Every structure is written in C-alpha cells, then in structure tokens.
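All values below were derived from every heavy atom in this structure, side-chain atoms included, with hydrogens, water molecules and symmetry-related copies excluded. Remember, predicted model here, so these are calculated numbers, not experimental data.
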Amino acid sequence: MSEAVRPPETSSEPWEGLADRPANPTQLRRPAFLMNAPFSYTCEVPNNVWMEELTAEERIPDTQRAFAQFLDLYNYVASEALVVLLPTPRTTGLQDLVFTANLGIVLEHLEDRNTVVISRYTSPPRQAETPVGTEFFKAMGYETHVPPTRFEGEAELKHLHDNVYVGGYGQRSDRETYDWMERTFGMEVVKLRMTDPHLYHLDCSVFPLTDQKTLVCTALYDEAEIRELEKRTEILDIDEDDAYTGICNSVRLDNVLLNSSHIHDLKAGTDEYDSEVRKNRKLEDIASRLAFEVSYFNLSEYHKGGALLSCMMMHLNRFSYAFPLL
C-alpha cells in the first residue's frame, strides 16, 4: 500500500489529565470492556445472512455450551482488564443483547472520557436494545446520545488515533450518522461503503492493530475511500477469505490479540478446516511481526447468531492501545 501519514505509536497524553480516582470505567488506567452474559440469547429471528443460511433447528443455541464459551472468554479478559457486565432486564425480546459491540461507542477522543453514542438499530429484533443501553450508561454517569439516523455501534466505527475514526456505512449504518458525529463531537470519520451482505459490520473487514497500523480488506471498498484511509493509517491488506473467516473480528488486550476459532470442532481435510487453519496462521504471522501474542476462543454457539469474538466486547476505553509493544 502507499505510504501513510503515521501518528506516534503510543501516547500517554489522553490519560495524563485524568483524576487519580476515575469516575467511570473509561477513565480507568487499564483496559475496560462491556460484556453481557447470554441470558436472553436466542436465534429465533434470523437477522443476517449467516443465520438465514441455517435451518431453524440448526441455529438453536446449546444454552449450557453458550454459557461455558462466554465464561471462557470472560474469565480470560477479566484477568487482565475491568469487565463490566451489562444487566439483562428480561430474557425475551433481546436475542442479541450479548453482542455488546453493537450497543454503542464510547468516544475516545473527548477529554472528559464520559460520552457514549448509543445505537439506532436497523435490525428490528435489536431495536429494543437502544433504551437498555441508554438507561445503563446514564446510570453509570455517562453523557448519552442517540443519533438521528441508523448506527450500530463500535462494530461499525473504529477509533484510529487522536480524533480520527473509520466508519462503515451502507448496510446497518448511514453515512449521515458520521456527518452528524463530525459536527456534534469534533471528530473526523473516514467513511467506507459496505456492500457484502456476509460482512455486514465494519469489524468484519477492518481491525486497528495499533494507532499506526490497521488490517483492512481493501478489495471490499472503493479505491478513492481506501486512498483517504491510507492518509491516516498504514494499511495491512488482507484478502476476502481472511475476512470471511474472521481475522478482523479480533480484539486487542494489551499485547494479545483475541480471536474466535472453533478449529477443534472441525474435521481435518475439509474446506472449512483448511480455511480456519489459513486464517489462524495468517493472524499468527501478523502477530509475530508486530510483537503480539494470539489467544483463541471457541465461540461456535455464537456463530449460529452470525457473530464472532469482536461482537461480544464493547470497549469502554482503548487503553490497550497505549500499551508499549515489546
């Protein structure tokens, strides 16, 4: 890819003005995330292509296994970070509440570190989550906003550095939402038009590794939009097969990349097994070059809802990106 304008790798500046006693998880000087235990998780209403490709019987989650898989991820993350659990107000009508990355985004660039934009969902089964998120964050003392147009959270909008973000539009979020954010919050959003129905949120094809480097499946986007993104981050290109198998649906925790892999459930020699092996090796190669480690989690019960690991974790801060790489 062409040469990028590169900000400093890490900076403590966003954290220097914080009080010794944080008022919320976003102000904490260690990573913080929001998760939700799958008490209301079902796959009754198919609201993405992955779910539509399964029969109603195939997409019924094994509840006990779903909890076991959730707890594996929760316990690992909670050993290194603050994990706040979003309460489940009821067990019906909130089938996707466990996928907290869609609930909203905490704006990283604002000095007060106290502002969250709550989602205005496209998917009818998810629209009841908006008041749940608004009430929760208000109870935590956050200033909350709901955009006037469609938006589906940090799964669609990734912080790069300073006041610069990259946002996906065209399927579940509107370009006008980012125009509103730029006017309202003094931020810059590089906008990428999304067209592949299988990769319906931005986190399926874009993953910031550091505040300098970002994994991007450039083949999915308009060349002019990619050129704009290249001005603000160094792009590490991945192919569409990597995107389809979930390489970008990762989360950074300090110097560890968390990713979903159900390879031990797959039969060696099958196409699905070979694709998963290629994805894992590609991620490990990238991690090795940049001094990361990789940890995998089997989240196969959540595949039935068309989801991968990044869907299950909402950043309450991005302190991991201030972590110096070895």
Side-chain angles (χ1 to χ4, degrees), residues 7 14 26 32-34 96 99-110 113-123 126 129-130 133-134 137 142-196 199-211 214-217 220-222 225-226 228-229 231-233 235 243 248-252 307-321:
T26 306
F33 299 91
L34 180 70
D96 295 321
F99 305 130
T100 54
N102 296 121
L103 191 61
I105 185 168
V106 176
L107 296 181
E108 184 73 15
H109 71 287
L110 297 179
R113 310 186 66 79
N114 195 44
T115 302
V116 59
V117 178
I118 303 296
S119 294
R120 183 181 292 275
Y121 287 96
T122 297
S123 169
R126 305 208 66 174
E129 296 176 36
T130 298
T134 299
F137 279 102
Y142 283 85
E143 178 183 319
T144 62
H145 302 262
V146 178
T149 48
R150 299 183 307 156
F151 175 60
E152 293 204 352
E154 74 164 57
E156 294 276 59
L157 182 63
K158 298 297 181 183
H159 182 250
L160 296 178
H161 56 83
D162 303 315
N163 70 333
V164 180
Y165 296 75
V166 54
Y169 71 95
Q171 297 196 64
R172 301 295 181 96
S173 297
D174 293 323
R175 184 185 180 97
E176 292 78 9
T177 302
Y178 304 129
D179 296 336
W180 170 80
M181 287 184 176
E182 289 177 326
R183 294 191 306 269
T184 306
F185 302 110
M187 55 198 282
E188 177 187 355
V189 182
V190 180
K191 305 167 186 72
L192 299 180
R193 183 172 181 269
M194 303 170 59
T195 58
D196 190 322
L199 306 174
Y200 54 91
H201 285 131
L202 188 74
D203 63 353
C204 298
S205 55
V206 174
F207 172 51
L209 286 161
T210 72
D211 59 7
T214 305
L215 290 187
V216 182
C217 183
L220 297 171
Y221 297 109
D222 179 79
E225 292 181 337
I226 291 297
E228 288 301 309
L229 183 59
K231 295 175 183 177
R232 296 156 178 87
T233 186
I235 291 177
C248 286
N249 293 100
S250 301
V251 170
R252 176 178 171 179
L308 290 170
L309 187 145
S310 62
C311 307
M312 300 177 68
M313 297 174 62
M314 176 182 175
H315 289 79
L316 295 178
N317 65 36
R318 297 179 74 81
F319 189 77
S320 289
Y321 288 79

Subject >> Heavy-atom pair with the smallest gap, counting every atom of Val189 and Val166 >> reply: CG1-C, 4.3 Å
**OP:** Kindly write out the residues that satisfy side chain to side chain donor-acceptor pair (under 3.5 Å) with Tyr178, not counting sequence neighbours, or none if the list is empty.
**Re:** none
Subject >> Gap separating the CG atom of Asp196 from the OG atom of Ser205, nearest 0.5 angstrom >> reply: 8.5 Å
**OP:** Output yes when a side-chain donor or acceptor of Asn249 lies under 3.5 Å from a complementary backbone atom of Ser310, and no otherwise.
**Re:** no
Original post:
In chain order, what residues pass the salt bridge (charged side-chain N to carboxylate O under 4.0 Å, His left out) check against Asp179, with sequence neighbours excluded?
Top reply: Lys191
**OP:** With the side chain counted from C-beta on, respond yes when Trp180 and Thr149 share a heavy-atom pair under 4.5 Å apart, and no when they do not.
**Re:** no
Original post:
Would Val106 and Met314 count as a side chain to side chain contact (heavy atoms under 4.5 Å, CB included) if you check the C-alpha gap in whole Å, the side-chain angles of each, and the deciding distance to 0.1 Å?
Top reply: CA-CA 9 Å; Val106 176; Met314 176 182 175; 4.0 Å; yes
**OP:** Can you spot which of His159, Arg318, Arg113 makes a side-chain hydrogen bond (donor to acceptor under 3.5 Å, both in side chains) with Glu108?
**Re:** Arg113
Subject >> Student check: side-chain heavy atoms of Leu160 and Leu229 closer than 4.5 Å >> reply: yes
**OP:** Would you confirm whether Thr26, through its side chain, and Leu316, through its main-chain N or O, come within 3.5 Å as a donor-acceptor pair?
**Re:** yes
Original post:
Say you draw a straight line from CG of Leu110 to CG of Asn163; how long is it, rounded to the nearest 0.5 Å?
Top reply: 9.0 Å
Original post:
Distance-only, no hydrogens or angles: does the Arg150 side chain make a donor-acceptor pair with backbone N or O of Gln171 under 3.5 Å?
Top reply: yes
Original post:
Which heavy atom of Asp96 sits nearest a heavy atom of Arg126, and at what distance?
Top reply: O-NH2, 3.0 Å
Original post:
Shortest non-hydrogen contact from Thr214 to Thr233?
Top reply: OG1-OG1, 2.8 Å
Original post:
Within the side chain of Asn102, is there an N or O that forms a donor-acceptor pair under 3.5 Å with the backbone of Ser119?
Top reply: no
Original post:
So how far is it from Tyr165 OH to Leu202 CG, rounded to the nearest 0.5 Å?
Top reply: 14.0 Å
**OP:** Check step by step if salt bridge (charged side-chain N to carboxylate O under 4.0 Å, His left out) holds for Arg232 and Glu188.
**Re:** CA-CA 10 Å; Arg232 296 156 178 87; Glu188 177 187 355; 2.4 Å; yes
Original post:
Is a side-chain donor or acceptor of His145 paired with a backbone partner of Met181 at a separation under 3.5 angstrom?
Top reply: no
Original post:
Rounded to the nearest 0.5 Å, how far does CZ of Phe33 lie from NE2 of His315?
Top reply: 4.5 Å
Original post:
Shortest non-hydrogen contact from Leu103 to Phe137?
Top reply: CD2-CE1, 4.2 Å
Original post:
Would you say Thr115's side chain and Leu107's backbone share a donor-acceptor pair under 3.5 angstrom?
Top reply: no
**OP:** Begin from the C-alpha positions of Met187 and Leu157 and carry the test side chain to side chain contact (heavy atoms under 4.5 Å, CB included) through to its verdict.
**Re:** CA-CA 12 Å; Met187 55 198 282; Leu157 182 63; 4.1 Å; yes
Subject >> Gap separating the OG1 atom of Thr100 from the CE atom of Met312, nearest 0.5 angstrom >> reply: 8.0 Å
Original post:
If you measure only the distance, is there a donor-acceptor pair under 3.5 Å linking the side chains of Arg252 and Ser320?
Top reply: no
**OP:** Measure the CZ-CD distance between Phe99 and Glu129 for me, rounded to the nearest 0.5 Å.
**Re:** 9.5 Å
Subject >> Which atom of Leu220 lies closest to which atom of Thr195, heavy atoms considered >> reply: O-OG1, 4.4 Å
Original post:
Between Ser250 and Phe207, what is the shortest heavy-atom contact and its length?
Top reply: O-CE1, 3.4 Å
Subject >> For Tyr200, the option from Glu152, Arg172, Met194 that meets side-chain contact (heavy atoms from CB on, under 4.5 Å) >> reply: Arg172
Original post:
For Tyr321 and His161, does a side-chain donor sit closer than 3.5 Å to a side-chain acceptor?
Top reply: no
Subject >> Tyr169: which of Arg193, Glu176, Glu156 passes side-chain contact (heavy atoms from CB on, under 4.5 Å) >> reply: Arg193
